[in-house]
Protein chains: 4
Amino acid sequence: MLIRAGYDIGFATEHPTPLLLMLSVHPSREADLREPQTMVFDPPVPYHQYHDGFGNVCTRVTAPAGGLRVRADFVVADTGLPDLHAPDARQMPVEDLPDEVLVFLLGSRYCETDRLSDMAWALFGDIEPGWARVQAIVDYAHERIRFSYAHARPTRTAFEGNDERIGVCRDFAHLAVTLCRCMNIPARYCTGYLGDIGVPPVDDPMDFSAWFDVYLGGQWYTFDARHNRPRIGRILMARGRDATDVAISTAFGQAILSKFDVTTYELPSD
Amino acid sequence: MLIRAGYDIGFATEHPTPLLLMLSVHPSREADLREPQTMVFDPPVPYHQYHDGFGNVCTRVTAPAGGLRVRADFVVADTGLPDLHAPDARQMPVEDLPDEVLVFLLGSRYCETDRLSDMAWALFGDIEPGWARVQAIVDYAHERIRFSYAHARPTRTAFEGNDERIGVCRDFAHLAVTLCRCMNIPARYCTGYLGDIGVPPVDDPMDFSAWFDVYLGGQWYTFDARHNRPRIGRILMARGRDATDVAISTAFGQAILSKFDVTTYELPSD
Amino acid sequence: MLIRAGYDIGFATEHPTPLLLMLSVHPSREADLREPQTMVFDPPVPYHQYHDGFGNVCTRVTAPAGGLRVRADFVVADTGLPDLHAPDARQMPVEDLPDEVLVFLLGSRYCETDRLSDMAWALFGDIEPGWARVQAIVDYAHERIRFSYAHARPTRTAFEGNDERIGVCRDFAHLAVTLCRCMNIPARYCTGYLGDIGVPPVDDPMDFSAWFDVYLGGQWYTFDARHNRPRIGRILMARGRDATDVAISTAFGQAILSKFDVTTYELPSD
Amino acid sequence: MLIRAGYDIGFATEHPTPLLLMLSVHPSREADLREPQTMVFDPPVPYHQYHDGFGNVCTRVTAPAGGLRVRADFVVADTGLPDLHAPDARQMPVEDLPDEVLVFLLGSRYCETDRLSDMAWALFGDIEPGWARVQAIVDYAHERIRFSYAHARPTRTAFEGNDERIGVCRDFAHLAVTLCRCMNIPARYCTGYLGDIGVPPVDDPMDFSAWFDVYLGGQWYTFDARHNRPRIGRILMARGRDATDVAISTAFGQAILSKFDVTTYELPSD
């Protein structure tokens, strides 16, 4: 399956403002690109890219006074298969986890494991460890939070999302990630493209989506507490401990999002 | 100068409990070790070490049911010079910072940059960028928080510490780190040994200490919002985004700290 | 497309012998696994996995006296598309390359850039930089070396392969990688599965294959100097500076390869 | 002890030429800098720094047509203690080595472990593992190679150095590093400043020096096959698998070294 994806984003700025952008497809999907994801800046400005500690591609650029627009439009190949369903995937004892995944058991800005641990054990302590426990957590987050664009708030943490019972896809992901970590299941936050492939189209304007991975039985599996069903055509952009690490844009100064268009759709096969 | 340092720490456990320990001297000080920092476990148990993403040495061990004691005792060479005072160190524009330090501008579990940014700019926006601004932040945190072991709370964040005006050395560090990041000054949280070298001895039992580094003019400088004066004989153990990343011990299960002795003192020179 | 892949490898040892194995599918393909790549050891022995500096999954295990057998058998999803052909991909000036790729311009154990640089510039200096130049290098290596399993030699370098004009797939890759680096084109060595998908079946017993990536126009592209044509169904296991970094097995002591079966084939679609 | 150190290096170029410089003090010594190691370029040119996979500071700069000069001059604090002598340091079984050090057992461009392994075991197999074995290797390399600036050759490998019996400090280090790795002792190549502190002054113009570290009993120890005695005042710049990884300068094009002054001396204490 071929998927066309891209974005067209504008920043309004009064003064030159350094930006950190995470708008590139993740290196793990690089080999699937059938057209390059060239970033086009208007006005044209120099930029610099690097990989952060999670392996994500970060772009550094300074928006000139007056603003900056950035867009890309590319084609990526996909297996066309839904997220894996592996009900037999076992929870690994902490002592058997690889060193690298331990960081995904710790707390982070929006995932207060220290504050939600008691609740997590009360809710999920009796459920069979492994896939079933993760699914129970995802079910809980999916039910607990009511989706509402109107109630998005960038400072909302998992604890607050659980308390306020409202939020957007990042809040679903933060709550589920935090509860998994509390139960000693490594969980990492993901962001990327997710088109309406195989599901009824949604009316809202398209946006990037947030989901998460858990580490079970020696590998990472994808879960999505917002949609709570296997989906086709996720294109990963970045992953990290929480939304802090994978923010689409971080401005070091004032930069207003003046335009935000995301596109993702399956190309008709010939 | 030669410094003798070490610890003797006990964990009480009912069930076998995986522990993640950050008790080793940081690799940047390894070449200064004049006696090895061999960890002795009682009962003897197998353990495994690795470097985390910040370069810290992490030790993984499982405390058996009944508890575990770990100790070490070693000698480290030191220049005997106080923390550097560099009042001319300039604040670098964000666009000139090395890629690796950008992560130390972001928020983290105990450093809510998004919630303290307005206050930071109101307080320190008019102060000359660079060393003077960092010193002003350190002065603020030093004054703002009253030291009290009795009021230690592991979940306290920088925002909460600023609000409650009480805390321990980690709270001083978290507040200052957060305010520096708000002002676009990279700051990382540090933990290690700090003996009473060159200062009047303190009555409290010895503990590990927390301080922080800021990145100015192309290098990292040490600041200490708890003591607010240059000190001699810091022996770094670990550094990270905040206390989450450098916790002396993280238990995946119930483990009560049953013993906690830290020693650090200058060896008499012959 | 679904591909079934696996291996069954035996080591004969007289004494307990530590082994370092790179037999896992690369993390960039982990999300494509539809069945886990569980390693089964006979006799059952404890093992430990970690990621090396290139992101490859490494397995540490000690073969007991008498030997060790390891096997795995799994299913991986693939887009079914051939290696990308991008004749317009431009060569980037060295000064514009990302920091991370610079290491793939340096020499390494089997890639003596310092000894082949003059020849490379004499042969390829007049060819248009970018895709055409890489293709010319691949054509050269493909023609220069005659394939012969009988003449495999693990110590053969690119310089020696060019001189001896004989070798196996790793020698094709080393020569092309070295020449690309000489021309300031970052090149990394790859190893993995490559079945006979879309090509006439080969009589030889199946083996792992070696190919390489070059960095052009901001992304990595796959080339294969042994086959010199786009192929379908590569499953990457490991990549590095040369074969040293991605050896299927490195034994720290004597270990004779007593069995070596590799399988890769397309599963019939229903 | 305070040490003044610095360099003044010129490159003659006909065309603009990208350079990769490793002239900075290693991050593990950053905290010891009492004066910043600011790089001054003449003519002034923009430059960019990053950390490579070994943690070294790398500087990227493009020398304009006509050439480029770079200098620095700084003060670094040192403990004033000689390299550690630890005759009881044990050799660790390979299976107990930390994951991160395994790469320092593998071959590399100038360290052909595969070609020197038989010789190494014949020479050092009967010597007690650990410190004594490393010292025997260092003695061998120290005796085997005759120092001669006149016979420096950048492409000389350990195998060739052993065969030709002549070389400079890097050849001593490469030979000893390779033999240690053959005996399953992790060894890494180091480069940095080494003044005549505590030893009779040498007549030769000052140069950077090469030494190496071995991993014994859980930590790295410094050895120096060129001088074969503990020394005072090493200031590490970079370490890696061999000289490839830590070249003072790597030019991507023609750049002639037109000036090369290095200074290191102990500052008189007041």
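Throughout, a chain's letter reflects where its sequence line sits, starting with A, and its residues are numbered from 1.
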Stepwise side-chain contact (heavy atoms from CB on, under 4.5 Å) check, C/F54 with D/V103: CA-CA 11 Å; C/F54 301 101; D/V103 71; 5.8 Å; no
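Taking D/L97, D/T157, D/L19 one by one and counting their heavy-atom pairs under 4.5 Å with chain C, the maximum is reached by D/L97. Most heavy-atom pairs under 4.5 Å with chain C: of the set D/L102, D/L105, D/V61, this distinction falls to D/L102. Among the candidates C/L106, C/N184, C/D52, the residue making the largest number of heavy-atom pairs closer than 4.5 Å to chain D is C/N184.
When the shell of 6.0 Å around CG of C/D96 is examined, it contains more than 12 heavy atoms from other residues, nucleotides or ligands. Crowding of D/E128 atom CD: a count of heavy atoms from other residues, nucleotides or ligands under 6.0 Å not exceeding 12. Within 6.0 Å of atom CD in D/Q254, 12 or fewer heavy atoms from other residues, nucleotides or ligands are found, so the atom counts as exposed in its surroundings. By the neighbour-count criterion of 12 heavy atoms within 6.0 Å, atom CD of D/E95 is densely surrounded, having more than that number from other residues, nucleotides or ligands.
In summary, of the residues considered (D/H51, D/Q49, D/H48), a side chain to side chain contact (heavy atoms under 4.5 Å, CB included) with C/D99 occurs for D/H48 alone.
Contact of D/T244 with chain C is made through backbone and side chain together, with heavy-atom distances under 4.5 Å. Contact of D/T155 with chain C is made through backbone and side chain together, with heavy-atom distances under 4.5 Å. Proximity to chain C (any heavy atom under 4.5 Å) is restricted, for D/P98, to the backbone atoms N, CA, C and O. Heavy-atom distances place the backbone of D/P154, and not its side chain, under 4.5 Å from chain C. For C/C58, no part sits under 4.5 Å from any heavy atom of chain D, backbone or side chain.
A distance-only check finds a donor-acceptor pair linking the side chain of D/R60 to the backbone of C/V94 [under 3.5 Å]. Proximity of a side-chain donor or acceptor of C/R109 to a complementary backbone N or O of D/T113 within less than 3.5 Å is not detected.
Residue D/Y110 holds its OH atom at 9.5 Å from CD of C/E112, rounded to the nearest 0.5 Å.
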